[in-house]
Structures are given as C-alpha cells and as structure tokens.
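Report on one structure; see the data block that follows.
Sequence positions, counted from 1, serve as the residue numbers for this chain.
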Amino acid sequence: GQSRMRGNMSPVCAFLFFMCTCWAAQQTDMSYVTCGSAIKLQHVNSKYRLHSHDVKWGSGSGQQSVTAVPNADDPNSLWRVRGSAAEACLRGGVIKHGDTIRLQHTSTQRNLHSHEHASPLSQNQEVSCYGDGGEGDDGDNWVVLLKDGNEYWKRGS
C-alpha cells in the first residue's frame, strides 16, 4: 500500500498545495516596494545612489552626513522603508502614492532627515541622518509621490 501512495496526491492535497503556492507567490512579489523593504535610491540623471555612513557634517546641523555615490555595490546606500513617525506600517504592505514613510539607514539605524540648515556642500537645504535606533522626529517623514499616475511604488521606477 504505501509504495503506491507515494506517487499519488489526493485532490484535496493537490488543491491545498496549489493554494499555498499561489499565496506564497503573491506574498513574495518583488515588483513593489513594501514596508520593511531594503532599497537603494538612485538619482535619475546622474545614476548616483543616496549614501550615508557614520561621519558627521562639520558644519550645518552637525548630524550624520548624506551624499550620493556612483557605486552600485556600496552597502552604505541601503535604506529600510518604515512607517511615519506617527503611524507604523504593516511589514510587507505595499507603499502607495501619498504614503508618508521614513527611510532608515541600514548600517547606522538613523533616519533620513531634512530641516532648515543649509548644506555645507551646496548651500541648498541640508539632508542628514538623525535619531538613534530609528527613533527621530517629524523631520524624518517623507511623502511618496509617484509619477505617471501609478498607485503603488514599483521597484525600478
């Protein structure tokens, strides 16, 4: 008896296997940026990636510096998508147009931050990393604005 059953799958087991496989495929769809994703942000024209490491600006805010680098393999260009300071997001939830998020630098656990200080390099508005362990303030909140009327943030867009 048992040797004959190994190659056969009952219709119920086959259906459950199919349902689980489909559910798993939907849950691991890598087409979209989700809450908890680790991403690299690339400037459209220069192709440089947003970068930071534990070096403070020598003037301005004195907070952790944020710059851009051309290297695709730079580990200091990874940012974790998190909910806003006021509202956590569900891990795996797809990020939509208009969502307010925080971007946490994966190496230092500080949030991408903006405030009224002038940048020491460009004299434009400074961007830095701020907070400890992902905790910061409202200057860490960023609104997702998607082009071309897209509702969800697609990877590579």
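Screening residues 54-152 for disulfide (SG to SG under 2.5 Å), with sequence neighbours left out, gives Cys35-Cys89. Every pair tested for salt bridge (Lys or Arg N to Asp or Glu O under 4.0 Å) that includes a residue from residues 73-83 fails, sequence neighbours excluded, so the list is empty.
One hydrophobic cluster, built from ILVMFWY side chains closer than 4.5 Å, holds both Trp142 and Val66. Leu41 and Val81 fall within the same hydrophobic cluster, where Ile, Leu, Val, Met, Phe, Trp and Tyr residues are linked whenever their side-chain heavy atoms come under 4.5 Å apart, directly or through other members. Note on Ile101: it clusters hydrophobically with Ile39, by side-chain heavy-atom contacts below 4.5 Å among ILVMFWY residues.
Not one N or O on the side chain of Glu135 forms a donor-acceptor pair closer than 3.5 Å with the backbone of Gly131. Listed for the Arg102 side chain is a donor-acceptor partner under 3.5 Å among the backbone atoms of Gly134. Distance alone, capped at 3.5 Å, places no donor-acceptor pair between the Trp79 side chain and the Ser37 backbone.
Separation of atoms OG1 (Thr108) and CG (Asn76) is listed at 8.0 Å; rounding is to 0.5 Å. Between atom OG of residue Ser119 and atom CH2 of residue Trp57 there is a gap of 5.0 Å, rounded to the nearest 0.5 Å. Rounded to the nearest 0.5 angstrom, Ser61 OG and Glu126 CD are separated by 3.5 Å. Between atom CD1 of residue Ile95 and atom CZ of residue Arg155 there is a gap of 10.5 Å, rounded to the nearest 0.5 Å. Atom CG in Leu78 sits 7.0 Å away from atom OG in Ser107 (nearest 0.5 Å). To the nearest 0.5 Å, the span separating CG on Leu103 from CG on Leu112 amounts to 5.5 Å.
More than 12 heavy-atom neighbours from other residues, nucleotides or ligands sit within 6.0 angstrom of NZ on Lys56. The environment of CD in Glu116 is sparse: at most 12 heavy-atom neighbours from other residues, nucleotides or ligands sit within 6.0 Å.
For His113, the ring pair (Phe, Tyr, Trp, His ring centres under 6.0 Å) partners are His115, Tyr130, not counting sequence neighbours. Asn111 meets the side-chain hydrogen bond (donor to acceptor under 3.5 Å, both in side chains) test with Asp140; sequence neighbours excluded. Partners of Val55 under the side chain to side chain contact (heavy atoms under 4.5 Å, CB included) rule, at least two apart in sequence or in another chain, are His53, Ser65.
Pairing each heavy atom of Gln42 with each of Lys47, the nearest pair is NE2-O, 3.1 Å. Closest approach of His105 to Gln64, counting heavy atoms only: ND1-NE2, 3.8 Å.
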Would you tabulate the side-chain donor-acceptor contacts of residues 144-151 under 3.5 Å, counting partners in other chains and residues two or more places apart, or write 'none'?
from	atom 1	to	atom 2	distance (Å)
Asn150	ND2	Lys147	O	3.4

- request: Kindly indicate, with the supporting measurements, whether the criterion side-chain hydrogen bond (donor to acceptor under 3.5 Å, both in side chains) is fulfilled by Asn141 and Ser84.
  value: CA-CA 6 Å; Asn141 291 334; Ser84 72; 4.6 Å; no
query: Is there a side-chain hydrogen bond (donor to acceptor under 3.5 Å, both in side chains) between Ser128 and Gln63 once you walk through the steps?
result: CA-CA 6 Å; Ser128 62; Gln63 294 173 352; 2.6 Å; yes
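Cation-pi contact between Lys96 and Tyr152: absent, since separation from the ring centre below 6.0 Å together with deviation from the ring axis within 45° is not met.
Between the side chains of Ser114 and Gln125, a donor-acceptor pair is found at a separation under 3.5 Å.
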